[in-house]
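Following: one structure in structure tokens, then a few remarks.
Lettering follows sequence order; numbering is per chain, from 1.
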Amino acid sequence: TLLAKICELGNFNLALLIMDEMIQNNVLPDSYAYTCLISMLCRMEKVVTAVILLERVLERDTSSLNQFMYTSVINALFKTGQPKAAIYYFEDMVKRGLNPDTVTLNAIIDGFSRLGQVSKMDDILSLMNDKSLLPNLATYNILLHFQSKQQNMSECFALYDMIARKGFVPDKLTCHSIVLGFCKSSMTDVGAKFLKMMIGEGTEADQLTFNMLITKYSERGELVKAFDLLNIMNSVGVSPN
RNA sequence: AAGCUGCUCC
């Protein structure tokens, strides 16, 4: 419990110290303690320490292993530009009979999408399908963001439709990606219209997305439109920063 | 209880 709270507060040095003390006193950390520590280290970009800790669990306490530890490490390795290591742990996870779930595969799809490795993304999507794992909203948001960065707006709309068809409610990340695609395509007005439409449909309004459009309009000298958005922000209760 | 999705500005 103490470890969990310290992890939550983000003090990994103290958490590691306490873990050492536990081990010295023959109180072995349990699965929960290890998971908290590893995920905290990954969040704080201490991926090397996280991997060392995962290796310790692999050596002495394989019964404590779970998907959370692996997903945290796989995600952090991708994010720090170490895809080979990430895949190594993915394969290790599978070897040990820990079934990757949608969250694990999402982390990998996102990792490959950042590297522009489309065929690997497809491989993981096929795997998801083969294992009868259902994509979640994050899966679609990852794909949507990937397409929007490349201004593939028709792909974006196909994904947007898919989100609704699968019964998910688009969120602020969904909205951000679509508007991003329009901004990049210099279709700022369409982006603004889309944002207004999504807000009208109940999507949580979002400061970042407004900022993106306001910045774009400001760059283009379209200040009337920029101020119009600022007014809308106020009227829907999103505070400007 | 813990793991996935934001090249807005700074």
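Rounded to whole Å, the distance from CG on A:L143 to P on B:G6 is 13 Å. Atom-to-atom, NE2 of A:H176 to C1' of B:U5 comes out at 11 Å; the value is rounded to the nearest Å. Going from atom CD1 of A:I214 over to atom P of B:C10 covers 14 Å, rounded to whole Å. For the pair A:N66 CG and B:A2 P, the interatomic distance rounds to 13 Å; values are reported in whole Å. Between the CG atom of A:L229 and the P atom of B:C9 there is a distance of 16 Å, rounded to whole Å. The interatomic distance linking A:Q67 (CD) with B:A1 (P) rounds to 16 Å, in whole Å. Here the C1' atom of nucleotide B:U5 and the CD1 atom of A:I163 are 10 Å apart, to the nearest Å. In this structure, the CZ atom of A:R43 is 12 Å from the C1' atom of B:A1, given to the nearest Å.
Phosphate contact (OP1/OP2 of B:G6, side-chain N/O of A:R114, threshold under 4.0 Å): present. Residue A:K79 places at least one side-chain N or O closer than 4.0 Å to OP1 or OP2 of B:U5.
Of the listed nucleotides (B:G6, B:C4, B:G3), B:C4 has the atom at the smallest distance from the side chain of A:A138. Of all nucleotides listed (B:U8, B:A2, B:C4), B:C4 comes nearest to the side chain of A:A107. Candidate nucleotides B:G3, B:C4, B:G6 were compared by shortest atom distance to the side chain of A:T209, and B:G6 ranks first. Closest contact between the side chain of A:S39 and the listed nucleotides B:U5, B:U8, B:A2 involves B:A2. Of the candidates B:G6, B:G3, B:C4, B:C4 carries the atom nearest the A:I142 side chain, counting heavy atoms from C-beta on.
Judged by distance alone, the side chains of A:N136 and A:T102 never bring a donor and an acceptor atom under 3.5 Å apart. Residues A:D101 and A:T104 bring a donor and an acceptor atom of their side chains to less than 3.5 Å of each other. For A:T203 and A:E201, the side-chain atoms include no donor-acceptor pair closer than 3.5 Å.
Between the side chain of A:D206 and the base of B:G6, a donor-acceptor pair under 3.5 Å is found. With hydrogens and angles ignored, a donor-acceptor pair under 3.5 angstrom links the side chain of A:N106 to the base of B:C4. With hydrogens and angles ignored, a donor-acceptor pair closer than 3.5 Å exists between the side chain of A:D101 and the base of B:G3. Judged by distance alone with a 3.5 Å cut-off, no donor-acceptor contact links the side chain of A:T35 to the base of B:G3.
The pair A:D61-A:R56 fails the salt-bridge criterion, with no side-chain N (NZ, NE, NH1 or NH2) lying under 4.0 Å from an Asp/Glu carboxylate O.
Contact annotation for A:K172: base contact, defined as any heavy-atom pair under 4.0 Å involving a base atom. Contact annotation for A:T104: base contact, defined as any heavy-atom pair under 4.0 Å involving a base atom. Residue-level contact check: A:K216 touches neither bases nor backbone, having no heavy atom under 4.0 Å from any strand.
Counting heavy atoms from C-beta outward, A:K216 and A:R220 have side chains that approach closer than 4.5 Å. With a 4.5 Å cut-off on side-chain heavy atoms, A:I74 and A:M93 count as touching. Contact of the A:Q151 side chain with the A:F182 side chain is not registered, since no non-hydrogen atoms from C-beta on lie closer than 4.5 Å.
The C1' atoms of B:C10 and B:G6 are separated by 16 Å, rounded to the nearest whole Å.
Base pairing in RNA chain B yields no stem of at least 3 consecutive Watson-Crick or G-U pairs with both distances under 3.5 Å.
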#### Entry: Evaluation steps, salt bridge (charged side-chain N to carboxylate O under 4.0 Å, His left out), between A:D228 and A:K196
CA-CA 11 Å; A:D228 173 53; A:K196 291 175 197 170; 3.4 Å; yes

